[in-house]
There are 2 protein chains.
Amino acid sequence: MTTEKMASDIRKEQIVEAALHILSDNEVKKLKITEIAGHLGLAPSALYRHFKNRDAILSAILEHIRGKLYRNLENVRQTKANAIDRLQELLIRHGRLISRNQGIPRIVFSDELWGQEKIKRQRMYRIVSGYLTELEDIIREGQEKGEIRQDIDAGAVAGMFFGIVQPAALLWHMSEGQFDIEDHFTRAWPIFLRLLTGE
Amino acid sequence: MTTEKMASDIRKEQIVEAALHILSDNEVKKLKITEIAGHLGLAPSALYRHFKNRDAILSAILEHIRGKLYRNLENVRQTKANAIDRLQELLIRHGRLISRNQGIPRIVFSDELWGQEKIKRQRMYRIVSGYLTELEDIIREGQEKGEIRQDIDAGAVAGMFFGIVQPAALLWHMSEGQFDIEDHFTRAWPIFLRLLTGE
DNA sequence: AATTAATGTGAAAACATATTCACATAAGGA
DNA sequence: TCCTTATGTGAATATGTTTTCACATTAATT
């Protein structure tokens, strides 16, 4: 009983991972049931044993990504003590996450996900704005401890941090890896740092 | 002879504008020939008198947007003398442009455009990176004149400027206008300014 | 070993959209 | 006015993808 449910969950996970893998090289529009099934050596119809429809698969992918992002955040909170280190570590991890898995920015910023239905768009918005709030908390905490200058708007700073990551992800995609994301982060970090500490 | 060609150009323009209008409320995937034609009171097949296919329409939209962006840049160069004012004005104009026309960020950041064919993606990348280069020039010019501190990387700063605009556009979309883009810019600007001048 | 539930299959149906084509009409130039 | 060309139409046609369904197989449970 538990085993079956487990097995089914594994299949679900496999489907999500196959989909994410396909998204590394293809746009969301090209994420076809047939292709996902093909990757797993299944017939297209088999996927309908695990998901109601294509949409449900997209939702599951979203959930999968949300998990990764938040786990990252949690890890950083635990391994690094002060705000500056946390932010830097987060930037590094983001760089890695995106480099390793192009599908993530592709789906997070895809208008197919946040463009269509209100429900999905709202969920998407909640994930992103929730993430921003977490960043804001880290920054505010740092301000309280005196690690970060107090005369700047924590929300705006969180936005700017996000602004280092997102355009980089986009340019990296567009340029097909030509744009050096790690280098961009390396150059952007000292500037951002100066902003945080005020020299 | 000239008149006919003119008339045809007007139709083309109308088609592009109708498409852009549809994109204000819909994702790129939903930009259907039938809908565009409907907006103009035409039969779908009529569009094929003006464009080879759907792709050609998307390309024309891209060109249209590129024109707007660069005209903006040109205007700012002419109306404002120093780098700081130019950047601030650019930010304001961006806010307006995006607020007025949701279709623009939607298409610029759509993976249907930069995800599919190499040619289109490359064109897209050239537009964006060309724009970044222009920003960089403005910044470098300001550095030479001593308006902007010289110990920061102009490219990275241009990236950060872009990073104020892009995520804001995204969040604004996702939140369906709930996210206050003008306010975001207002709060982000002083921080960015401090970065440029070093207090 | 028999039963049941889960999982998978192939073919067909449903759906959605782009595109073509033969024909119609209108407008401008000779 | 006649001729030519641009523009538009409606009805196919082409294309591509999701989803359903009756039936098969496998694995777990009794």
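In this text the structure is predicted, and so the values were computed from the model without any measurement. Proteins get letters first, then strands, A, B, ... in listed order; numbering begins at 1 in each.
- Looking at A:Gln178 and A:Leu171, their side chains never come closer than 4.5 Å, going by heavy atoms from C-beta outward.
- A 4.5 Å side-chain heavy-atom check between A:Asp85 and A:Val76 finds every atom pair outside the cut-off.
- With a 4.5 Å cut-off on side-chain heavy atoms, A:Gln88 and A:Lys80 do not count as touching.
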Checklist entry - Can you check side chain to side chain contact (heavy atoms under 4.5 Å, CB included) on B:His64 and B:Leu20, steps first, answer last? => result CA-CA 10 Å; B:His64 186 87; B:Leu20 212 44; 3.7 Å; yes

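- Stem analysis of DNA chain D (at least three stacked-register Watson-Crick or G-U pairs, each with both distances under 3.5 Å) gives C:1-30 with D:1-30.
- For A:Tyr131 and A:His94, the gap between ring centers is short of 6.0 Å.
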Enumerate the protein-to-nucleotides 18-20 of chain D contacts in which both atoms are nitrogen or oxygen and the separation is below 3.5 Å.
residue: D:dT18; atom: OP1; partner: A:Ile33; partner atom: N; Å: 3.4
residue: D:dT18; atom: OP1; partner: A:Arg54; partner atom: NE; Å: 3.2
residue: D:dT18; atom: OP2; partner: A:Ile33; partner atom: N; Å: 3.0
residue: D:dT19; atom: OP2; partner: A:Tyr48; partner atom: OH; Å: 2.9
residue: D:dT19; atom: OP2; partner: A:Arg54; partner atom: N; Å: 2.9
residue: D:dT19; atom: O5'; partner: A:Tyr48; partner atom: OH; Å: 3.4

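- We find that CD1 of A:Ile36 is positioned 14 Å from P of C:dG8, with the value rounded to whole Å.
- Cation-pi contact between A:Arg66 and A:Tyr70: present, with separation from the ring centre below 6.0 Å and deviation from the ring axis of at most 45°.
- Regarding B:Leu40, its CG atom lies at a distance of 14 Å from the P atom of D:dT7, rounded to whole Å.
- Per the geometry, CG belonging to B:Leu42 stands 12 Å off P belonging to D:dT7, to the nearest Å.
- Straight-line distance from the CZ atom of A:Arg49 to the P atom of D:dT25: 15 Å, rounded to whole Å.
- OP1 or OP2 of D:dA6 has not a single side-chain nitrogen or oxygen of B:His50 nearer than 4.0 Å.
- Taking atom CG of residue A:Leu47 and atom P of nucleotide D:dC21, one finds them 17 Å apart after rounding to whole Å.
- Heavy atoms of B:Ala43 sit under 4.0 angstrom from primed sugar atoms or phosphate atoms, though from no base atom.
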Item to check | B:Leu31 vs B:Ile61, side chain to side chain contact (heavy atoms under 4.5 Å, CB included): CA-CA, chis, key distance, verdict | outcome: CA-CA 12 Å; B:Leu31 183 70; B:Ile61 297 172; 4.1 Å; yes

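- Between A:Ile10 atom CD1 and C:dA6 atom C1' the separation is 14 Å, expressed in whole Å.
- With contacts defined as side-chain heavy-atom distances shorter than 4.5 Å, the pair A:Asp180/A:Trp172 does not qualify.
- The nearest whole Å value for the distance from the CZ atom in B:Phe51 to the P atom in D:dT7 is 12 Å.
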Checklist entry - Are B:His39 and B:Gln14 close enough, and set up right, to give a side chain to side chain donor-acceptor pair (under 3.5 Å), and what steps lead you there? => result CA-CA 10 Å; B:His39 265 248; B:Gln14 286 177 335; over 6 Å; no

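- Close to D:dG8, at under 4.0 Å from its OP1 or OP2, lies a side-chain N or O of B:Arg11.
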